[in-house]
Trainee: 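This is the structure, below, for whatever I ask next.
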Amino acid sequence: MPTYPEMALDPTIFEVDPTIWCPNKPIPYSFLAHALSTLTTTRSRIAILNILTNTLRVILKTHPPSLLPSLYILSNTLSPPYESIELGLGYSTVTKAIQHVSGLSSAALKRLYTKTGDPGDVAFEAKSNVRTLIPHPPLLITSVYDSMLKIALAKGQGTAKQKQSIVEKLLVAAKGEEVRFLVRTLFQNLRVGAVRTSILTALARAMVMTLPSSISDTSAINLSHYADEALITAVKELNLTKSGGKKKKVEDAVDPSNILSEKFAAAEALIKRVYVQHPNYGHIARALVEMGLNDLAEHVPLTVGIPLHPTLGSPTRSLDEVYDRLENLAFSAEFKYDGQRAQIHGWKDSSEGPVSVKIFSRHLEDMTDKYPDVVQLVQNSFTADPELQSFIIDTEIVAIDPRNGELRTFQELSNRARKDVQMTEIKIAVCVFAFDLLYLDGQILLQEPFRKRRALLRTRLPPVIPEWKGAARLDHVRSVESEAGREAIEEFWQEAVESRVEGLMVKLLDSGEVLEEPSNKKGRPRRKPLPATYEPDKRTSAWLKLKKDYVTGLGDSLDLVPIGGWHGNGRKVQWWSPVLLALYDPSSGKLVAVCKCMSGFSDVFYKSMKEKYAEGSENCSYQNIWDVETGGLKPHVYFKPQEVWEIRGADVTISPVSVAALGLVSQSRGLSLRFPRFMKVREDKNIEQASIPDFLAGMYRGQQGKREKVEGVDDGDLLDATMESEAQESEADLSNSD
DNA sequence: TTTGACTGCCC
DNA sequence: ATTCTGC
DNA sequence: GCAGAATGGGCAGTCAAA
């Protein structure tokens, strides 16, 4: 194994040695493992970016074909998100393989797991005692990636064994740190403090400093993107002397480190912008390796049929906060429906040609197969408007009652089949609530203000209610504009609270300026631009999500008793996480588990919890000695019940594992909580004063009671007998005995 | 053939 | 999804 | 304020075991 350099150096000081391997020889996986291992030694963002930048520079300089597999391994993916290639293995298969290769018992591995809280660390320790007799050729970055692909592509009977054997071969060949990161990669949880954003930042910096060795003809290259030798040397000298003496005052414009920073910033912005509009490392790596940073955005453009990262909203806790943040700028308040985010692409390659449709999820998975009814709807829109050539819309797909369009729950939408769905087999009807238009007839609209995008959406893609009741509908989200006055907005919010939507999305209509948050006390307040453009991948302040769940006194709040816990993973390895929580059932005097909870605890609270319920103390047992009912939830340890916590959730759900309130709503299923999180300790309550099953059942019924018609389409047609009976059946499934 | 463990992905 | 933490 | 990490309920789909 070669001796690897110190990776955390400032990139101007780090020397890329092109002879570290034979020129153009594939790069050993041990190099990547070395880099990943170095990453885990620091939490400094600067150091992390240095390590990643230097790693990618070495790859660009010595073996550009290794760039793409390296990007996949670093980002814990195998393919672009919209091409679903999944490993299909997890704890069970990998643990079996580790067991087989290390020869350790399953109990010994469990002990290691409890101690380290990381499967990679378990494998590392397990294998550290194993002496391999036969020397193995070194693993290569490319060969590791190819093995992963092989695992992912295995299909059908007998594949579990096949996958396990590939994993075992990898583990046998892996040495030292390679074992740790190989296993973390197989678990798709690298935990090195760097995910997509850092990788893209480092890729940009690496490109600025290192022209890939694959670009031989530099005459066609615009070198202004890059830092030349002289600049790098100048910054290096500054960096080397900086620590010793005082930095000499230089004009900003000629300060070499400023010039380099600016080149970095420009390349980072470019690569990030390109990636979020066209999230495909393969296309980006190819363009970079062949043509460098030149015209990257033109080589890898936003493309109909390839998803872009959606804009996200910032959580907001009250209407007051909304007005505080947007001041007097015009906004639209929209219903936030409880369904599934969907980015829908529709296009014709020629005016007579067939219509192509793709439907992508919030995380850019291709779910076209799940919604043939929506595909049909889109195709009909093209038929209805022969002028239409292409579009990308942002929508929420919501389950509806096919008879009248009433909204149904998220849980009902979840019941839809996902693969190879045939039109004739659809059981859950949907409405597509469109709220944004990103692309129309070959024009990218991201830079247009929301008011304009929305106007185009409304005129070019009008609502559709097909004749057949089970067909997908198209509608626009219901909204009220700030121009209608605060009272109208309050009223609209009230309507949202009382109906089956999650709350409101408040969106800036025109680009403007707002007061910057007074982050440091002495800085005087400044105006900061707030664009109303579509910002892929950003949690923007121009979109505020106001969920009733966030607003104090509106969400569902329960007082529950902690009755057990699990050993935490990763950074929570020394604490109990998650914690099992229970209702108090006065009729039996027993505590009944409702849900697990891991959100809302501060580190300080975790520490005190671990002290109070210390392993081996009288408050903590491996057996269920306090006789609590946990249903399908089996914690590692049981707590002596003694306190009450306020727990908040967004909804009450019918649960396949919970036995809380069993028999009150359904004969066979209990109730649980969606998005549970810890609010505070109820010092004033003892465990007999915790919430009871009747209370939880009442909350569930309250939710079900909200059946007002809330969407905008009016529809008084006759009922379709078939769909009606099906709808009632599915409702019976959910809300009553089964 | 049915059941159940496991995985991936919605929120 | 939600939430907390370090930079 | 960003970036990262650690996890929630619950569904369909896949494959192995019963």
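None of these values were measured; they are calculated from a predicted model. A note on names: the letters A, B, ... follow the listed sequences, proteins ahead of strands, and every chain is numbered from 1.
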Trainee: Over all strands shown, is A:Arg317 touching base, sugar-phosphate only, or nothing at heavy-atom distances under 4.0 angstrom?
Mentor: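 Answer is sugar-phosphate: A:Arg317 comes under 4.0 Å of backbone atoms only.
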Trainee: Heavy atoms only, 4.0 Å cut-off, all strands: where does A:Asp603 land among base, sugar-phosphate and nothing?
Mentor: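 Touches sugar-phosphate only.
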Trainee: Is A:Phe678 touching bases, backbone alone, or none of the nucleic acid, heavy atoms closer than 4.0 Å?
Mentor: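 Contact class for A:Phe678: none.
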Trainee: Distance check: side-chain N/O of A:Thr653 vs OP1/OP2 of D:dG10, anything under 4.0 Å?
Mentor: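 Answer yes for this pair, as a side-chain N or O of A:Thr653 is under 4.0 Å from OP1 or OP2.
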Trainee: Can you check the distance between B:dC11 and D:dA6, where both ends of the measurement are the P atom (answer in whole Å)?
Mentor: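 Rounded to whole Å, the distance is 22 Å.
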Trainee: Does CD1 in A:Ile46 sit with more than 12 non-hydrogen atoms of other residues, nucleotides or ligands closer than 6.0 Å?
Mentor: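 No, CD1 of A:Ile46 has 12 or fewer neighbouring heavy atoms, counting only those of other groups under 6.0 Å.
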Trainee: Does this structure show an ion pair linking A:Arg500 with A:Asp338, if we count only N-O contacts that are shorter than 4.0 Å?
Mentor: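 Looking at A:Asp338 together with A:Arg500, the answer is no, because their closest N to O distance does not fall below 4.0 Å.
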Trainee: Which part of the nucleic acid does A:Ala194 contact within heavy-atom distance under 4.0 Å: base, sugar-phosphate only, or nothing?
Mentor: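 If one applies the 4.0 Å heavy-atom cut-off, A:Ala194 turns out to touch the sugar-phosphate alone, with no base involved.
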Trainee: Between C:dT3, D:dA5, D:dT7, which nucleotide has the shortest distance from any of its atoms to the side chain of A:Ser577?
Mentor: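 The listed nucleotide nearest to A:Ser577's side chain is D:dT7.
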Trainee: Starting at NZ of A:Lys548 and ending at P of C:dT2, how long is that distance when rounded to a whole Å?
Mentor: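 Taking atom P of C:dT2 as the reference, NZ of A:Lys548 is at 14 Å.
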Trainee: Check salt bridge (Lys or Arg N to Asp or Glu O under 4.0 Å) between A:Glu396 and all other residues, then give those that pass, not counting sequence neighbours.
Mentor: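 A:Glu396 satisfies salt bridge (Lys or Arg N to Asp or Glu O under 4.0 Å) with no other residue.
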Trainee: What string of B, S and - do you get for nucleotides 13-18 of chain D, 5' to 3', if B is base contact, S is sugar-phosphate-only contact and - is no contact with any protein heavy atom under 4.0 Å?
Mentor: SSSS--
Trainee: In a table with atom names and distances, give each donor-acceptor pair under 3.5 Å that connects a side chain of residues 653-661 of chain A to protein atoms at least two apart or in another chain.
Mentor:
unit_1, atom_1, unit_2, atom_2, d
A:Thr653, OG1, A:Ser672, O, 3.4
A:Ser655, OG, A:Val657, N, 3.0
A:Ser655, OG, A:Ser658, N, 2.8
A:Ser658, OG, A:Ala660, N, 3.0
A:Ser658, OG, A:Leu671, O, 2.6

Trainee: What nucleic acid atoms does A:Lys370 come within less than 4.0 Å of, heavy atoms only: base, sugar-phosphate, or nothing?
Mentor: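 Nothing, no nucleic acid heavy atom in range.
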Trainee: Just to verify, what does A:Asp436 make a side chain to side chain contact (heavy atoms under 4.5 Å, CB included) with, not counting sequence neighbours?
Mentor: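 Side chain to side chain contact (heavy atoms under 4.5 Å, CB included) list for A:Asp436, sorted by chain: A:Asp394, A:Leu438, A:Phe450, A:Arg453, A:Tyr534, A:Trp543.
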Trainee: Short of 4.0 Å, heavy atom to strand atom, which residues of residues 39-51 of chain A count as contacting DNA chain D?
Mentor: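 Residues of residues 39-51 of chain A that come under 4.0 Å of DNA chain D are, in numerical order, A:Arg45.
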Trainee: Just how far, in rounded Å, is P of D:dG4 from CZ of A:Arg539?
Mentor: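 Distance, rounded to whole Å: 14 Å.
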Trainee: Quick one: sort the A:Tyr337 and A:Phe433 rings into parallel, tilted or perpendicular, breaks at 30° and 60°.
Mentor: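 Rings of A:Tyr337 and A:Phe433: parallel, as their planes differ by under 30°.
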Trainee: Does the side chain of A:Lys572 get closer than 4.0 angstrom to OP1 or OP2 of D:dA6 through an N or O atom?
Mentor: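 A:Lys572 to D:dA6 OP1/OP2: no side-chain N or O under 4.0 Å.
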Trainee: Looking at DNA chain D, which of residues 185-193 of chain A put a heavy atom within less than 4.0 Å of it?
Mentor: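 Residues of residues 185-193 of chain A that come under 4.0 Å of DNA chain D are, in numerical order, A:Asn189, A:Arg191, A:Val192, A:Gly193.
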Trainee: Using distance only, find each side-chain donor-acceptor pair of residues 192-203 of chain A under 3.5 Å and give its atom names and separation, not counting sequence neighbours.
Mentor:
unit_1, atom_1, unit_2, atom_2, d
A:Arg196, NH2, A:Asp537, OD1, 3.1
A:Arg196, NH2, A:Asp537, OD2, 2.4
A:Ser198, OG, A:Arg45, NH2, 2.7
A:Thr201, OG1, A:Thr197, O, 2.7
A:Thr201, OG1, A:Lys272, NZ, 3.2

Trainee: What is the separation between atom CD1 on A:Ile647 and atom C1' on D:dT7, rounded to the nearest whole Å?
Mentor: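 My rounded result for the distance is 14 Å.
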Trainee: Which part of the nucleic acid, if any, lies within contact of A:Leu413, taking any heavy atom under 4.0 Å across all strands shown: a base, the sugar-phosphate backbone alone, or nothing?
Mentor: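 If one applies the 4.0 Å heavy-atom cut-off, A:Leu413 turns out to touch nothing in the nucleic acid.
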Trainee: Per the salt bridge (Lys or Arg N to Asp or Glu O under 4.0 Å) rule, what does the pair list look like for residues 591-609 of chain A, sequence neighbours excluded?
Mentor: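 Only A:Arg571-A:Asp603 qualify under salt bridge (Lys or Arg N to Asp or Glu O under 4.0 Å).
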Trainee: Is the number of heavy atoms from other residues, nucleotides or ligands under 6.0 Å of A:Lys150 NZ greater than 12?
Mentor: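 No - once you tally the heavy atoms of other residues, nucleotides and ligands closer than 6.0 Å, there are 12 at most.
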Trainee: Let me know the distance between CG of A:Leu312 and P of D:dG1, rounded to the nearest Å.
Mentor: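 Checked: the CG to P distance equals 16 Å.
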Trainee: Is the phosphate of C:dT2, meaning OP1 or OP2, less than 4.0 Å from a side-chain N or O of A:Tyr550?
Mentor: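 Answer yes for this pair, as a side-chain N or O of A:Tyr550 is under 4.0 Å from OP1 or OP2.
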Trainee: Give A:Lys547 one of three labels, base, sugar-phosphate or nothing, depending on what nucleic acid heavy atoms sit under 4.0 Å from its own.
Mentor: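 The answer is sugar-phosphate, as A:Lys547 gets under 4.0 Å only of primed atoms, P, OP1 or OP2.
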Trainee: Between A:Asp549 and A:Lys336 (salt bridge meaning N to carboxylate O under 4.0 Å), is one present in this structure?
Mentor: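 Looking at A:Lys336 together with A:Asp549, the answer is no, because their closest N to O distance does not fall below 4.0 Å.
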Trainee: Does the distance from a Lys or Arg side-chain N to an Asp or Glu carboxylate O, for A:Glu327 and A:Arg527, drop under 4.0 Å?
Mentor: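 A salt bridge links A:Glu327 with A:Arg527.
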Trainee: How long is the line joining CD of A:Glu365 and P of D:dA12, in whole Å?
Mentor: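 For the pair A:Glu365 CD and D:dA12 P, the rounded distance is 18 Å.
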Trainee: Does anyone know the first and last nucleotide of DNA chain B in reach of chain A, 5' to 3', at under 4.0 angstrom to a heavy atom?
Mentor: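 Range of nucleotides within reach of chain A: B:dC6 to B:dC11.
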Trainee: Taking 4.0 Å as the cut-off, does a side-chain nitrogen or oxygen of A:Gln411 come that near to OP1 or OP2 on D:dG9?
Mentor: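 For D:dG9, neither OP1 nor OP2 has a side-chain N or O of A:Gln411 closer than 4.0 Å.
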Trainee: Check the phosphate of D:dG4 against A:Thr197, side-chain N and O only, distance under 4.0 Å to OP1 or OP2. Yes or no?
Mentor: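 Yes, because at least one side-chain N or O of A:Thr197 sits under 4.0 Å from OP1 or OP2 of D:dG4.
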Trainee: Need one value for A:Ser414: base, sugar-phosphate or nothing, where a base atom within 4.0 Å counts as base even if backbone is also close, heavy atoms only.
Mentor: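 Sugar-phosphate contact only.
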Trainee: What pairs with A:Lys680 under salt bridge (Lys or Arg N to Asp or Glu O under 4.0 Å), at least two apart in sequence or on another chain?
Mentor: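 Only A:Glu646 meet the salt bridge (Lys or Arg N to Asp or Glu O under 4.0 Å) criterion with A:Lys680.
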Trainee: Within this structure, what is the CD-to-C1' distance between A:Gln340 and D:dA12, rounded to whole angstrom?
Mentor: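 In whole Å, D:dA12 C1' and A:Gln340 CD are 12 Å from each other.
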Trainee: Distance check, rounded to the nearest 0.5 Å: A:His309 atom NE2 versus A:Gln343 atom CD?
Mentor: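 The NE2 atom of A:His309 sits 9.5 Å away from the CD atom of A:Gln343.
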Trainee: Tell me: CG of A:Leu36 to P of D:dG4, nearest whole Å?
Mentor: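 Taking atom P of D:dG4 as the reference, CG of A:Leu36 is at 14 Å.
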Trainee: Quick one: list whatever passes salt bridge (Lys or Arg N to Asp or Glu O under 4.0 Å) with A:Glu168, sequence neighbours left out.
Mentor: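 Scan of A:Glu168 (salt bridge (Lys or Arg N to Asp or Glu O under 4.0 Å), adjacent residues dropped) gives none.
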Trainee: Map A:Leu671 and A:Gly117 onto DNA chain D by nearest heavy atom, then report which one ends up closer to the 5' terminus.
Mentor: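 Result: A:Gly117.
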Trainee: Test of understanding: with side chain to side chain donor-acceptor pair (under 3.5 Å), list the residues that count as partners of A:Lys547, not counting sequence neighbours.
Mentor: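 Result, side chain to side chain donor-acceptor pair (under 3.5 Å) vs A:Lys547: A:Glu502.
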Trainee: Whole angstroms only, please: what is the CG-P distance between A:Leu52 and D:dA3?
Mentor: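 The distance from CG of A:Leu52 to P of D:dA3 comes to 14 Å, rounded to the nearest Å.
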Trainee: Mapping A:Pro656 and A:Met598 onto DNA chain D by nearest heavy atom, which one lands closer to the 5' end?
Mentor: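 Result: A:Met598.
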Trainee: Once the angle between the rings of A:His636 and A:His567 is folded into 0 to 90°, is it parallel (under 30°), tilted (30 to 60°) or perpendicular (over 60°)?
Mentor: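 Correct class here is tilted.
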